[in-house]
Amino acid sequence: MSVITRSIYGEDAMVQFGSELGAVLPDGILVFLEGELGAGKTTLTRGILRAMGHEGAVKSPTYTLVEPYSLDGKTLYHFDLYRMADPEELEFMGIRDYLTEGNYCLVEWPERGAGVLTEPDLRVKIEVAGEGRRVVLESLSERGLLATDSLST
Ligand code: ADP
Ligand code: MG
């Protein structure tokens, strides 16, 4: 529905951009974070969480698949599905309950959950571009549009 592209150089700028994004994400949003290993998905997530008031560390939940963050009455679930062998594991985790209830869900490696995950509201693609990164945000729903519309201004 709407596409925004940004060129971002360096880790600090990536955290900063994540903060911008975190400040405008509506609750109930499902965000896919796509890009190769080392692209910057977790770095961006750190910025998003910072904007939402989380001050502690943010690590990729590589082995647990999901890390919950309690924020001011809401919960943000950060998924990393890189090591998930079978999308069925998401069913066992009760993924549908995570996706409802007005929480925020950020998913690294959503490809691994194909067939079980629903379409996201917002797709964030990160590509390595020289020393920096090219970040493409694509809103795919009205809720996603709330985020991209707020960013582009
Ligand atoms: P992913 O979660 O996609 O595997 P990470 O967020 O762990 O990747 O980041 C991998 C590396 O990329 C980190 O060393 C980080 O500092 C670096 N990085 C992140 N964003 C940028 C950027 N915009 N420009 C340059 N380096 C970046
Ligand atoms: Mg990661």
Side-chain angles (χ1 to χ4, degrees), residues 2-71 74-95 98-99 103-140 144 147-153:
S2 166
V3 178
I4 291 176
T5 304
R6 294 271 185 103
S7 291
I8 297 173
Y9 294 90
E11 180 170 343
D12 291 351
M14 197 65 149
V15 172
Q16 177 56 39
F17 180 61
S19 302
E20 265 182 64
L21 185 57
V24 300
L25 281 187
D27 57 22
I29 198 165
L30 173 61
V31 181
F32 282 7
L33 300 173
E34 302 179 356
E36 63 190 62
L37 266 186
K41 303 179 292 297
T42 301
T43 306
L44 191 74
T45 300
R46 257 200 286 144
I48 291 171
L49 277 162
R50 181 176 294 181
M52 292 180 172
H54 173 76
E55 285 168 2
V58 175
K59 294 189 295 179
S60 246
T62 308
Y63 293 96
T64 51
L65 299 183
V66 63
E67 182 71 31
Y69 295 89
S70 293
L71 315 153
K74 296 271 188 314
T75 304
L76 182 148
Y77 293 102
H78 178 209
F79 292 85
D80 181 350
L81 306 183
Y82 185 65
R83 295 196 177 271
M84 192 176 68
D86 188 333
E88 236 188 17
E89 286 182 47
L90 282 175
E91 304 268 25
F92 296 138
M93 288 167 65
I95 184 72
Y98 289 97
L99 299 179
N103 297 312
Y104 308 88
C105 287
L106 310 182
V107 187
E108 297 190 32
W109 297 99
E111 303 90 333
R112 310 276 156 113
V116 175
L117 283 175
T118 55
E119 273 294 288
D121 299 292
L122 181 67
R123 175 177 288 129
V124 180
K125 288 187 203 164
I126 308 175
E127 289 161 18
V128 175
E131 301 282 292
R133 304 290 188 267
R134 186 167 172 269
V135 181
V136 181
L137 297 107
E138 189 186 353
S139 62
L140 300 167
T148 51
D149 278 356
S150 309
L151 273 184
S152 45
T153 53

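For clarity, every value in this text was computed on a predicted model and none was experimentally measured. All values below were derived from every heavy atom in this structure, side-chain atoms included, with hydrogens, water molecules and symmetry-related copies excluded. Whatever order the structure lists ligands and atoms in, that order sets their numbers, starting from 1.
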*Report the part of E108 in contact with ligand 1, treating N, CA, C, O as backbone and CB onward as side chain, heavy atoms under 4.0 Å; options are side chain, backbone, both, neither.*
side chain
*Count the heavy atoms belonging to other residues, nucleotides or ligands that lie under 6.0 Å from CG of D12, then report whether that count exceeds 12.*
no
*In terms of the angle between their ring planes, are F79 and Y98 parallel, tilted or perpendicular, with boundaries placed at 30° and 60°?*
perpendicular
*Please find out if the Mg ion (ligand 2) and some N, O or S atom of E108 are separated by less than 2.8 Å.*
yes
*List the closest protein heavy-atom neighbour of atom 9 (O) of ligand 1: residue, atom name, distance to the nearest 0.1 Å.*
T43 OG1, 3.4 Å
*Side chains of R6 and E20: closer than 4.5 Å at any heavy-atom pair?*
yes
*Quick one: nearest non-hydrogen protein atom to atom 17 (C) of ligand 1, plus distance?*
R133 NH2, 3.7 Å
_Under 3.5 Å: donor-acceptor pair, side chain of S19, backbone of G47_ = yes
*Who's the nearest protein heavy-atom neighbour of atom 11 (C) of ligand 1, and how far?*
G38 O, 3.7 Å
*Look only at interatomic distance and state if M14 has a nitrogen or oxygen under 3.5 Å from any nitrogen or oxygen of ligand 1.*
no
_Pairs of nitrogen or oxygen atoms closer than 3.5 Å, one from Y9 and one from ligand 1: do any exist?_
no
_Let me check your reading of the structure: within less than 2.8 Å of the Mg ion (ligand 2), is there an N/O/S atom from T42?_
yes
*Heteroatom proximity flag, T42 to ligand 1, N/O under 3.5 Å*: yes
*Does G10 reach ligand 1 with a nitrogen or oxygen that is under 3.5 Å from one of the ligand's nitrogen or oxygen atoms?*
yes
*So which of R6, R134, E11 gets nearest to atom 14 (O) of ligand 1, if we judge by its closest heavy atom?*
E11
*Which is it for K41 and ligand 1 at heavy atoms under 4.0 Å: side chain, backbone, both or neither?*
both
*Please work out which of G18, G132, G40 has its closest non-hydrogen atom nearest to atom 8 (O) of ligand 1.*
G40
